[in-house]
Amino acid sequence: MMALRPSVADRLLAAAAFVLGLVVALMLQAVDFDGERSVDLWAIALLGVMSAPLLARRRRPILVVLAVLAVSTPYHILNYPHEATMPASLVAAFAAARYSAPPRRPVAVLLAVAAVTVPVLADEASGAPADALLGVGWLFMAFFAGLAVRFHENWKAAVTARVEQERADEVERRVAEERVLIAAELHDVLAHGLAVANVQASVAAHLIDQLPRRGDASLQELSSTLHNLSDTSRATLHELRAVLDVLHGGDAEPTEPAPRLAELQRLVEMAEAADVRVDVAADGLPDELPSTVSVVAYRIIQESLTNVIRHSTAKHATVRLDQFGHRLRIAVIDHGPARPESTVTPAGFGIAGMTRRAQAVGGELSAGPGESGGFEVRASLPLPEVWRVPS
């Protein structure tokens with residue numbers, strides 16, 4: 001149901017209060033209720049002026065009550081049908097409770113009560129305290145109804161804020177976990193390269209030290225350089241481990257080597273075990289890829305196939321890998337459609353994690369509905385013109 005804009009709702013409410021007040025006045029006049037004065041143009045004008053302040057009930061609720069009280073007083077003194085002022089008074093009392101600031105609520109209560117008691121008690125002709133008490137009762141009902149609506153809105157706002165905060169905390173936690181995982185994988189990749197460099201430098205320095213001409217100045221300088229390289233790589237390995245320990249809260253355990261594209265068959269078997277057939281097309285790929293790019297590509301494909309299994313009804317998916325210029329292109333496509341329950345669940349963190357991984361190596365990633373009716377994940381990762389993978 002489409003809600004009205006506040007300004008339109010206020011105009012309709014003010015008009016309704018005026019019309020209802022006028023109808024009540026005419027009905028009371030028709031039955032000659034208590035010999036009150038007949039409704040004339042002055043009565044209609046006063047009812048109209050009494051309803052006009054309701055247009056500002058959201059912005060100035062206390063002033064609206066004062067205005068209704070000020071206009072209703074002469075209306076009652078002129079002995080027009082008294083109950084005709086109730087629609088405008090009830091709306092003003094409701095607005096005072098709903099929109100006034102908490103410190104001003106007692107003032108709003110007193111003004112709402114005065115809106116009925118003062119005019120009726122000042123009217124010597126009526127002299128009916130019971131009418132005043134009845135009017136006060138109606139005003140209190142309107143006032144507490146406004147309070148109830150205000151409390152309900154505050155409660156809804158508090159619940160919404162709490163849910164948003166919990167979701168923000170969850171996002172932050174998942175991001176932290178993702179960063180730790182990326183750090184662990186980078187550690188494995190860098191540690192492998194540094195370990196190889198350390199071993200090769202140590203062996204080369206040892207061989208040079210065993211040469212008959214080891215006293216040669218050039219050989220000594222080369223040997224010193226290799227020893228320094230070995231020491232530096234060893235120290236760097238220790239620093240990497242220390243950083244990883246910090247990210248794990250000081251309680252890190254040895255991690256397995258980060259998976260790479262060479263192990264893509266594991267993902268295919270995982271998907272087929274979940275009854276999803278995966279076709280892999282890898283055209284024109286070099287025999288060796290940079291370790292970081294290979295790890296990121298593997299993780300993107302892993303998360304994409306996991307999403308197919310969890311969120312799609314597709315029984316077939318395609319993984320395409322190719323090299324375009326100096327970039328590795330990845331495409332994971334399923335033909336869907338999505339599971340019904342997946343369309344109502346909030347967005348997860350998988351796509352955000354894949355995007356961060358791609359950006360971490362200077363790449364980009366896009367994900368969304370495909371032309372086939374399923375879902376597509378496409379990534380482009382940069383490949384340096386020259387690289388060397390330790391063996």
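Numbers here simply count residues along the sequence, with the first being 1.
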Considering only distance and modelled atom types, tabulate donor-acceptor pairs under 3.5 Å from the side chains of residues 275-282, sequence neighbours left out.
residue	atom	partner	partner atom	Å
R277	NH1	D279	OD1	3.1
R277	NH1	D279	OD2	3.0
D279	OD2	H316	NE2	2.7

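Residues passing the side-chain hydrogen bond (donor to acceptor under 3.5 Å, both in side chains) test with S380, sequence neighbours excluded: R327. Shown here are the side-chain hydrogen bond (donor to acceptor under 3.5 Å, both in side chains) partners of Q359, two or more places apart in sequence or in another chain: there are none. Among residues two or more places apart in sequence or in another chain, the salt bridge (Lys or Arg N to Asp or Glu O under 4.0 Å) test is passed with E364 by none. Not counting sequence neighbours, E166 has no partner by the side-chain hydrogen bond (donor to acceptor under 3.5 Å, both in side chains) test. By the side chain to side chain contact (heavy atoms under 4.5 Å, CB included) test, A95 is found to be paired with R57, Y99, residues two or more places apart in sequence or in another chain being considered. Applying the side chain to side chain contact (heavy atoms under 4.5 Å, CB included) test to A16 and every residue at least two apart in sequence or in another chain returns nothing. Evaluation of the side chain to side chain contact (heavy atoms under 4.5 Å, CB included) rule for A67 yields P53 as partners, not counting sequence neighbours.
Sorted pairs that involve residues 68-81 and meet salt bridge (Lys or Arg N to Asp or Glu O under 4.0 Å), not counting sequence neighbours, are lacking altogether. Sorted by first and then second residue, the side-chain hydrogen bond (donor to acceptor under 3.5 Å, both in side chains) pairs with a member in residues 329-338 read S312-D334, D322-R329, H335-S372; sequence neighbours excluded.
Summarising the hydrophobic clusters (Ile, Leu, Val, Met, Phe, Trp, Tyr; side-chain heavy atoms under 4.5 Å, direct or chained), the residues clustered with W155 are V159, V163. Residue L41 belongs to no hydrophobic cluster, having no ILVMFWY side-chain heavy atom closer than 4.5 Å to its own.
By the neighbour-count criterion of 12 heavy atoms within 6.0 Å, atom CZ of R59 is sparsely surrounded, having that number or fewer from other residues, nucleotides or ligands.
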